[in-house]
2 protein chains.
Amino acid sequence: MNMQTSQTRSRAGLAAALRVSISRLSRRMRAEGGHSLSATQIGALGAVARHDALTPGELAAHEKVQPPSMTRTIARLEADGLLTRSPHPTDRRQVVLSLTAAGDKLLKEERRRKEAWLAQRLAELTPEEQTILRQAAPILERLSHG
Amino acid sequence: MNMQTSQTRSRAGLAAALRVSISRLSRRMRAEGGHSLSATQIGALGAVARHDALTPGELAAHEKVQPPSMTRTIARLEADGLLTRSPHPTDRRQVVLSLTAAGDKLLKEERRRKEAWLAQRLAELTPEEQTILRQAAPILERLSHG
DNA sequence: TATTGTTATACTCTATAACTATA
DNA sequence: TATAGTTATAGAGTATAACAATA
């Protein structure tokens, strides 16, 4: 039994612990986010907010769904007054999506709720624990990119 | 501007960073878990594995869905040979759920895949970064309970 | 011809309401 | 009467296949 084996075992344990804690915390945050829109709708709206002037095809690719699925989501969001569809300036096949003021407001409110819940939980931690999470956040972020 | 305000701001920033990194990592892990079963089915099967001899009502409450929704999930898992329904020993209205050997095997395989992916990502971190995550895991776990 | 987006259709997951069997 | 579970039915989200409009 060598050092590598020991390290691997340790990493497997860490992976197991992280898998459980990340899954649970994510599920809990989702539950705390208000329920005015579904995860699908929030995801699409958020993507439009981040990359203004997306087309439906780009949005479907970004959210990893097929174009017909996104057509439906867009129709719903448009009917609810949260985004608008306008003609593409040069290509008449395409459509350009933008957030309405109501869409922008709703999105910010949704984020605010989740973060308020999380901030409240963080306030109950010791300063040392908060420091650990402050160091962990960018590492977790990088893990998802790998 | 006092100390409290500064701390609160800092916590809000940490909350925002954690929300994003937790959400992304959770989404990515889900995508890495093989696709033999849906999240719903894995969740139900996992709950039966953890609390053997659950009834459908208990399982629905645990997974936070309505009983008819769980009836359907159970029917599917039973048809796929992953769990069994047996009579309750004393109350003939109730039903007792247990994992089959195939269900147990599939569940372990699903977890193994997710953890293998995560362990591989962890292996790419420095020892210092791994130490930070090792300290962070139990804190994240507690956050979801609060 | 190729691309963009939509419509048609089907499957899964979820819900509420109504029903059956048992307590 | 109350409880456990199921069946009936409907809405949301997803997919593939087929179509229309435009490039």
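The chains referred to below are lettered A, B, ... by the order of the sequence lines, with proteins before strands, and numbering in each begins at 1.
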Q.
Can a side-chain donor-acceptor contact be found between His145(B) and Glu141(B) if the only test is distance below 3.5 angstrom?
A. yes
Q: Look at all strands and tell whether Gln66(A) reaches a base, only sugar-phosphate, or nothing, counting heavy atoms closer than 4.0 Å.
A: base
Between [X] and [N], is there a side-chain N or O to OP1/OP2 distance below 4.0 Å?
X	N	result
Arg72(B)	dG5(D)	no
Ser38(B)	dC13(C)	yes
Ser69(A)	dA15(D)	yes
Thr40(B)	dT12(C)	no

Q: Give a yes or no on whether the backbone of Arg19(B) and the side-chain of Ser23(B) come within a donor-acceptor separation of less than 3.5 Å.
A: yes
(Q) With side-chain hydrogen bond (donor to acceptor under 3.5 Å, both in side chains) as the test, pick out the partner of Arg112(B) among Glu115(B), Glu110(B), Glu109(B). (A) Glu109(B)
Q. Is there side-chain contact between Leu99(A) and Leu82(A), with at least one heavy-atom pair below 4.5 Å?
A. no
Give the rounded distance in Å between these two atoms: [atom1] of [X] and [atom2] of [N].
X	N	atom1	atom2	answer
Met70(A)	dT14(D)	CE	P	7 Å
Arg85(A)	dT4(C)	CZ	P	16 Å
Glu78(A)	dT6(C)	CD	C1'	13 Å
Leu77(A)	dA12(D)	CG	P	12 Å

Q.
Expected output is a numbered-order residue list: members of residues 54-63 of chain A with a heavy atom under 4.0 Å from any atom of DNA chain C. What is it?
A. Thr55(A), Pro56(A), Gly57(A)
Q: Name all residues meeting the ring-ring contact (aromatic ring centres under 6.0 Å, His included) criterion together with His88(A); count only those two or more places apart in sequence or in a different chain, and write none if there are none.
A: none
Could you list the protein-to-nucleotides 18-23 of chain C atom pairs, N/O on both sides, closer than 3.5 Å?
{"unit_1": "dA23(C)", "atom_1": "OP1", "unit_2": "Arg92(B)", "atom_2": "N", "d": "3.0"}

Q. At what distance, to the nearest 0.5 angstrom, does CE of Met29(B) lie from OG of Ser144(A)?
A. 10.0 Å
Q) For the side-chain contact (heavy atoms from CB on, under 4.5 Å) test, which of Glu129(B), Gln135(B), Glu128(B) pairs with Thr131(B)? A) Gln135(B)
Q. side-chain contact (heavy atoms from CB on, under 4.5 Å) between Leu133(B) and Leu140(A): does it pass, once the steps are laid out?
A. CA-CA 8 Å; Leu133(B) 293 187; Leu140(A) 293 172; 3.8 Å; yes
(Q) Does this structure show an ion pair linking Glu124(B) with Arg142(A), if we count only N-O contacts that are shorter than 4.0 Å? (A) no
Q: For the side chain of Arg76(A), starting at C-beta, report the closest nucleotide among dT6(C), dA12(D), dT6(D).
A: dA12(D)
